Every structure is written in structure tokens, then in C-alpha cells.
Amino acid sequence: MTSAPTAMTVTDTEVLRDALGLLKDREQVAERLLDSSAKHSFDPDIELDWDAPLEEGKWFWPPELVSLYDTPLWKKMPTEQQQDLSRHEAASLASLGIWFEIILMQLLVRHIYDKPVTSAHVRYALTEIADECRHSKMFARMIQKGGAPAYPVSRLNHNLARVLKTISTTPGSFACTLLGEEILDWMQRLTFPDERVQTIVRGVTRIHVVEEARHVRYAREELRRQMVTAPRWEQELTRISSGEAARVFSVAFVNPDVYSSVGLDKREAVAQVKASGHRREVMQSGARKLTDFLDEIGVLRGMGRRLWRSSGLLA
């Protein structure tokens, strides 16, 4: 693939095409997303009833999405302990979401730093940053409501992300954005209609799914544009960095301290999750729309594809 010049701006009218077809005009995409944001945005502090008591006997995450589901250890656990694990895993995923969204906000600010400030593309990025601020506060409030602790990622992954958000190229940033957004989005689409789950958790996931759909559209459109216009070295770096991010993300997805919190042997629990065919299928199903998309636009090639396979997210 021959690379196009990299000094494009949002006002360029050059017709661009990739394996998925013609790319839509950047400004038109942003205007549609701004219209959608005006019609379908939520203030979680007002929208959700945070004062309502938790419901007895309900899950905090669908049991089929809990990491130990269908393992020998799971089958020995009483229902109360299984539900308690769902409470801690919901807190772990919310903690991961906050960590990721703080990274994403910084990547978006870097992306628009040298873009025309009056463009719809920049206005939508700022709108998305405002969404992510609300989401992070909402997730933190959900953790507190559930009574579980926050579960930060490991110090190693925390510092790896510090490097990533400092040096990431633009296409790499959007590839990592989709990695963090699409798998959790798949899980949350199964969660918010599930009446077995706590009402407050369903409300949180419903808001996140509605608003996150716009974020995914923005990131997908921009990643397609970047993979067409970026020089060859940057395309290859994107393949490798996204593969490494997938490997880190899959390891960090559930903090293993959740198992100790509910009285399980952490080593044994982690080993059973790694050996679980059900868990592998859940994670690959959650990533499938994303990996199909990345494959079509040329991200899953070479070393990058091998890293994605090693993450367990790509079959």
C-alpha cells in the first residue's frame, strides 16, 4: 500500500478508500455525532436513582460473564459466593474502565491539539471527552454503591500505559481506543437488559452503551482514515502496538485480587480461568466484531496478528 501525505486536515476533500469502501467526510461524520450527542446524552447523577437500596439476591454482572463461570471451582461455590464474586468483578471492570477512560481522554486531547479548533471534528472530540468524564464519575459511584473496593491495574501496566499515552501515534491511539471500548460494550449490551442484575448496574451499563456507540463510530472512522494516510512505518507500528495493548488488556481485564476478596485461592482461581474454554469463548466473542474490523482494514498482520493471538482475544 502506498502511503499518502500525512499533513491532512479535517477540511481536506480528497477522496479516500480502503477495503471497506469510500471513507465518509470527516466533518459530516462529526456533525452527525454531535446531533446524536445533543439528543441522546445523560447525566448519571440525575438519570439514576443512587439512593435506592441494592436488591437482595441479584447479581452485579451476568453470571455467564463472570470469569470463573462453569469452572470446577465455580461449581463448588454457593450462589451467595458466586454473586459476591460478580460484585467484585463489576468493581474491577469499572476500575479498569476509569483507568482506560483517563488514558483515552489524554489521547483525544493530543489528537486535536493541532487540529482546527472550530471544526466539527474537534467539537465532537471535546464532546466525547465530556462524556468520558461523566462515565468515569459514574463508574466510581457504582463501585462505592456496591461496597466493593476499587481494583487498580498492576503498577507495571499502569506505567506501561503512561508510556503508551505519551508516545502513541494517532492510528495506534484509535486502535487502542477500540480495544478498550468494544469488548466492554459487548458485555454491557448483555448486561443492561438482564433482569437478574442489580438495577443500578443495568442503568450504568445502559447509559454507557448508548453514549459509547458514538465513541466507537468516531474511533472507527478515524482509524480507517489514519491507516490509509499514515506512512508505512506508522501502519506497522500500529499493528505491533495494538497487539501488545491487546495482550496487556487481556491480562488486566479482571484483577486477580477479586478472588482473594471472596475467600478463594487466587493462584487456583487464576489457573482455572486460564484453562476455561467458556472464558476463552466469552473474550473472543466480545472481541470478534473488533478483530474482524481490524483485519479488514489491515491492522491484523504480521507480528501484530501474532500478538493478538497470544492475547487470547483472536481465535
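Being a predicted model, the structure only gives us computed values, none of them experimental.
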Novice: Quick one: which residue pairs count as a salt bridge (Lys or Arg N to Asp or Glu O under 4.0 Å) with a foot in residues 204-215, not counting sequence neighbours?
Specialist: E47-R206, D131-R214, R134-E211
Novice: Can you list every salt bridge (Lys or Arg N to Asp or Glu O under 4.0 Å) pair that touches residues 136-161, not counting sequence neighbours?
Specialist: D45-R141
Novice: Looking at residues at least two apart in the chain, or sitting in another chain, which of them share a salt bridge (charged side-chain N to carboxylate O under 4.0 Å, His left out) with E128?
Specialist: none
Novice: Determine yes or no for a side-chain-to-main-chain donor-acceptor pair under 3.5 angstrom, with E296 supplying the side chain and A19 the backbone.
Specialist: no
Novice: Suppose we screen for side chain to side chain contact (heavy atoms under 4.5 Å, CB included). Which residues come up paired with V248, at least two apart in sequence or across chains?
Specialist: N157, L160, E244
Novice: Do the side chains of D70 and K75 get close enough for a salt bridge, i.e. N-O under 4.0 angstrom?
Specialist: yes
Novice: Pair L179, S242 - check side chain to side chain contact (heavy atoms under 4.5 Å, CB included), show working.
Specialist: CA-CA 8 Å; L179 169 65; S242 71; over 6 Å; no
Novice: Find the distance between CE (M138) and CD1 (I98) and round it off to the nearest 0.5 Å.
Specialist: 9.5 Å
Novice: Can you hop from V262 to V66 via hydrophobic side chains spaced under 4.5 Å?
Specialist: yes
Novice: Look at the side chain of R309 and the backbone N and O of A315, then say whether any donor-acceptor pair between them is shorter than 3.5 Å.
Specialist: yes
Novice: ring-ring contact (aromatic ring centres under 6.0 Å, His included) with Y259: which residues, sequence neighbours excluded?
Specialist: none
Novice: Any salt bridge linking E221 with R217? Criterion: basic side-chain nitrogen under 4.0 Å from a carboxylate oxygen.
Specialist: yes
Novice: Among residues two or more places apart or on two chains, list those pairs meeting salt bridge (Lys or Arg N to Asp or Glu O under 4.0 Å) that have a residue in residues 89-113.
Specialist: none
Novice: Strictly below 4.0 Å, N to O, side chains only: are E27 and R123 in salt-bridge contact?
Specialist: no
Novice: Mind checking what makes side chain to side chain contact (heavy atoms under 4.5 Å, CB included) contact with I46, not counting sequence neighbours?
Specialist: D43
Novice: How far apart are the C-alpha atoms of R26 and E222, what are their side-chain angles, what is the distance that settles it, and do they pass the salt bridge (charged side-chain N to carboxylate O under 4.0 Å, His left out) test?
Specialist: CA-CA 8 Å; R26 189 187 249 168; E222 193 58 26; 2.4 Å; yes
Novice: Can you tell me how far the CG atom of L34 sits from the OG1 atom of T127, to the nearest 0.5 Å?
Specialist: 5.0 Å
Novice: Without swapping roles, check the side chain of S276 against the backbone of V273 for a donor-acceptor pair under 3.5 Å.
Specialist: no
Novice: Using salt bridge (charged side-chain N to carboxylate O under 4.0 Å, His left out) as the criterion, list what pairs up with K289, not counting sequence neighbours.
Specialist: none
Novice: Give me the ring orientation class for F139 and H135: parallel if the planes are under 30° apart, tilted from 30 to 60°, perpendicular past 60°.
Specialist: tilted
Novice: Tell me who clusters with W233, hydrophobic residues only, linked when side chains sit under 4.5 Å apart either directly or through other members.
Specialist: L237
Novice: Only counting residues at least two apart or in another chain, list the ones meeting ring-ring contact (aromatic ring centres under 6.0 Å, His included) with Y218.
Specialist: H121, Y124
Novice: Please determine whether a side-chain nitrogen of the Lys or Arg among K39 and D35 lies less than 4.0 Å from a carboxylate oxygen of the Asp or Glu.
Specialist: no
Novice: Suppose we screen for salt bridge (charged side-chain N to carboxylate O under 4.0 Å, His left out). Which residues come up paired with K76, at least two apart in sequence or across chains?
Specialist: none
Novice: Decide yes or no for Q82 and T79: does some side-chain heavy atom of the first lie under 4.5 Å from some side-chain heavy atom of the second?
Specialist: yes
Novice: So, S168 and S173: side-chain donor and acceptor under 3.5 Å apart, yes or no?
Specialist: yes
Novice: The criterion is ring-ring contact (aromatic ring centres under 6.0 Å, His included); which residues satisfy it with H278, sequence neighbours excluded?
Specialist: Y69
Novice: Side chains of Q272 and R279: closer than 4.5 Å at any heavy-atom pair?
Specialist: no
Novice: Just wondering, do P44 and V204 contact through their side chains at under 4.5 Å, heavy atoms?
Specialist: no
